[in-house]
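Treat the numbers as computed from the prediction; the structure is a model and nothing was measured. Index from 1, following the sequence.
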Amino acid sequence: MKTSWRTASLVASAAAVLSLTTACGQDTAPPASSQNVGATAAAGDYGAIGSGSGSGTAAGGAQASSSPSNTAGELNASTTAELGKVVTDSLGLTLYRFDQDTAEPPASNCEDDCAKTWPPVPADDATAGEGIDESLLGEVTRSDGTKQLTVGGWPAYRYVKDVNAGDVKGQGVGGKWYALTPEGKKAQAADQPGLSTRQDPKLGEIVVDGNGQTVYRFMKDEAWPKPVSACTGACLEKWPVVSPVDFADTEGIQKKGYMTFTRPDGADQQTINCWPIYTFAGDKAPGDTNGQGVGGTWYAVRPDGKPVGAPEK
């Protein structure tokens with residue numbers, strides 16, 4: 001198993017990442033973030049479009065329940081063929097985290113309809129089982145006063161479409177939901193960097209995220225003198241932003257102009273060559289390129305940040 005980039009990813013600090021990036025149009029390192037002037041999706045935008053990728057079955061293929069349990073019970077680190085170790089509850093159901101939440105301090109931004117699709121995991125009876133560090137378990141008080149389990153600070157959820165123990169159907173839904181690792185991080189496909197490239201038979205070398213989903217650029221965005229996203233409101237339901245990825249957790253991506261910027265709601269978005277990047281909720285599986293050319297404004301991204309097949313301006 002290759003470990004060079006993965007090891008680097010685990011030990012890279014924010015300062016190291018900044019030393020590897022350059023600001024738009026500059027030769028020196030940028031500040032940690034730069035402000036955008038566009039709006040982002042409102043809280044509760046949980047990515048209803050798309051059904052996620054992958055499913056697995058725990059040993060014996062046991063069916064957990066037709067609806068999630070209202071208790072957590074003993075948590076365990078279960079191994080899946082697709083994602084490696086993920087946190088599961090006492091029924092073997094996978095636990096997830098939401099990119100629009102925060103871990104420092106812990107806060108949940110999944111309410112109302114979102115919480116029906118992604119039921120919060122109660123903290124009351126959660127205990128650390130095999131492979132779980134008890135010190136990483138905690139709780140956060142939701143707006144309704146209930147206590148929700150946190151893992152590594154991140155609020156934990158189940159996914160209503162996970163029926164069998166070991167299912168991971170919520171992985172990558174809307175580009176915002178990911179299975180929790182025992183450390184509280186996002187689960188990713190084995191040996192898959194946070195951003196890398198693949199050779200598409202029609203488009204050539206294009207960028208993909210940690211789940212193998214195609215990465216896109218929006219031609220109405222701006223990159224200089226600072227990144228500006230023109231994808232706002234309902235646009236973000238179909239085109240979720242790519243969250244920050246340490247440069248050490250990339251492979252084959254251009255270093256120059258690799259930086260993040262902060263959107264008005266406080267969410268950070270990754271750029272390549274200073275251009276904001278996104279995934280497409282209409283891509284159902286790794287390798288899909290259904291977003292290519294949509295509206296004449298959305299195009300897959302090359303490792304240097306250039307759009308694939310976009311008309312010359």
Taking the side chain from [X] and the backbone from [Y], do they hold a donor-acceptor pair closer than 3.5 Å?
{"X": "Asn76", "Y": "Glu130", "result": "yes"}
{"X": "Gln254", "Y": "Lys256", "result": "yes"}
{"X": "Gln270", "Y": "Val245", "result": "yes"}
{"X": "Glu134", "Y": "Thr127", "result": "no"}
{"X": "Gln100", "Y": "Lys176", "result": "no"}
{"X": "Thr102", "Y": "Pro106", "result": "no"}

Are the side chains of [X] and [Y] in touch, meaning some heavy atoms are under 4.5 Å apart?
{"X": "Val168", "Y": "Tyr96", "value": "yes"}
{"X": "Asp89", "Y": "Val121", "value": "no"}
{"X": "Thr150", "Y": "Leu137", "value": "no"}
{"X": "Leu95", "Y": "Leu149", "value": "yes"}
{"X": "Tyr178", "Y": "Asn211", "value": "yes"}
{"X": "Gln171", "Y": "Leu83", "value": "yes"}
{"X": "Tyr216", "Y": "Val294", "value": "no"}
{"X": "Tyr299", "Y": "Thr289", "value": "no"}

Does a side chain donor of either Lys147 or Thr141 reach within less than 3.5 Å of an acceptor in the other side chain? yes
Any side-chain donor paired with an acceptor under 3.5 Å for Asp133 and Ser135?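 There is such a pair (donor and acceptor under 3.5 Å, judged by atom type) between the side chains of Asp133 and Ser135.
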When rounded to the nearest 0.5 angstrom, what distance separates [atom1] in [X] from [atom2] in [Y]?
{"X": "Ser229", "Y": "Lys220", "atom1": "OG", "atom2": "NZ", "result": "12.0 Å"}
{"X": "Cys231", "Y": "Arg263", "atom1": "SG", "atom2": "CZ", "result": "6.5 Å"}
{"X": "Tyr258", "Y": "Asp246", "atom1": "OH", "atom2": "CG", "result": "7.5 Å"}
{"X": "Thr197", "Y": "Arg302", "atom1": "OG1", "atom2": "CZ", "result": "11.0 Å"}
{"X": "Gln269", "Y": "Asp221", "atom1": "CD", "atom2": "CG", "result": "7.0 Å"}
{"X": "Lys306", "Y": "Asp304", "atom1": "NZ", "atom2": "CG", "result": "5.0 Å"}

Membership question, hydrophobic clusters at under 4.5 Å side-chain separation (ILVMFWY): are Val215 and Ile253 in the same one?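 In one cluster with Ile253: Val215, yes.
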Please determine whether a side-chain nitrogen of the Lys or Arg among Lys186 and Asp99 lies less than 4.0 Å from a carboxylate oxygen of the Asp or Glu.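 Yes.
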Minimum heavy-atom separation for [X] and [Y], please, with both atom names.
{"X": "Asp125", "Y": "Thr71", "result": "OD2-CB, 3.2 Å"}
{"X": "Leu195", "Y": "Val207", "result": "CD2-CG1, 4.1 Å"}
{"X": "Ala107", "Y": "Asp101", "result": "O-CB, 3.2 Å"}
{"X": "Met259", "Y": "Cys274", "result": "SD-SG, 4.0 Å"}
{"X": "Asp167", "Y": "Asp162", "result": "O-OD2, 3.3 Å"}
{"X": "Thr214", "Y": "Ala300", "result": "CG2-CB, 4.1 Å"}

Begin from the C-alpha positions of Thr271 and Phe261 and carry the test side chain to side chain contact (heavy atoms under 4.5 Å, CB included) through to its verdict. CA-CA 8 Å; Thr271 75; Phe261 70 102; 3.5 Å; yes
Is it the case that atom CD in Gln199 sees more than 12 heavy atoms from other parts of the structure closer than 6.0 Å?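 Result for CD/Gln199: enclosed.
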Stepwise side chain to side chain contact (heavy atoms under 4.5 Å, CB included) check, Tyr159 with Thr117: CA-CA 6 Å; Tyr159 184 44; Thr117 302; 3.7 Å; yes
Dump the intermediate steps for side chain to side chain contact (heavy atoms under 4.5 Å, CB included) on Asp268 and Ser243, then the final yes or no. CA-CA 6 Å; Asp268 291 333; Ser243 297; over 6 Å; no
Under 4.5 Å side-chain heavy-atom separation, chaining through any Ile, Leu, Val, Met, Phe, Trp or Tyr, what else clusters with Val308? Say none if it is isolated. Leu203, Ile206
Name the residue from Phe98, Trp177, Tyr157 that meets the ring-ring contact (aromatic ring centres under 6.0 Å, His included) definition with Trp118.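 So, applying the ring-ring contact (aromatic ring centres under 6.0 Å, His included) to Trp118 and each of Phe98, Trp177, Tyr157, only Trp177 qualifies.
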With sequence neighbours left out, what residues match Asp200 under salt bridge (charged side-chain N to carboxylate O under 4.0 Å, His left out)? Arg198
Classify the ring geometry between Trp298 and Phe218 as parallel (under 30°), tilted (30 to 60°) or perpendicular (over 60°). parallel
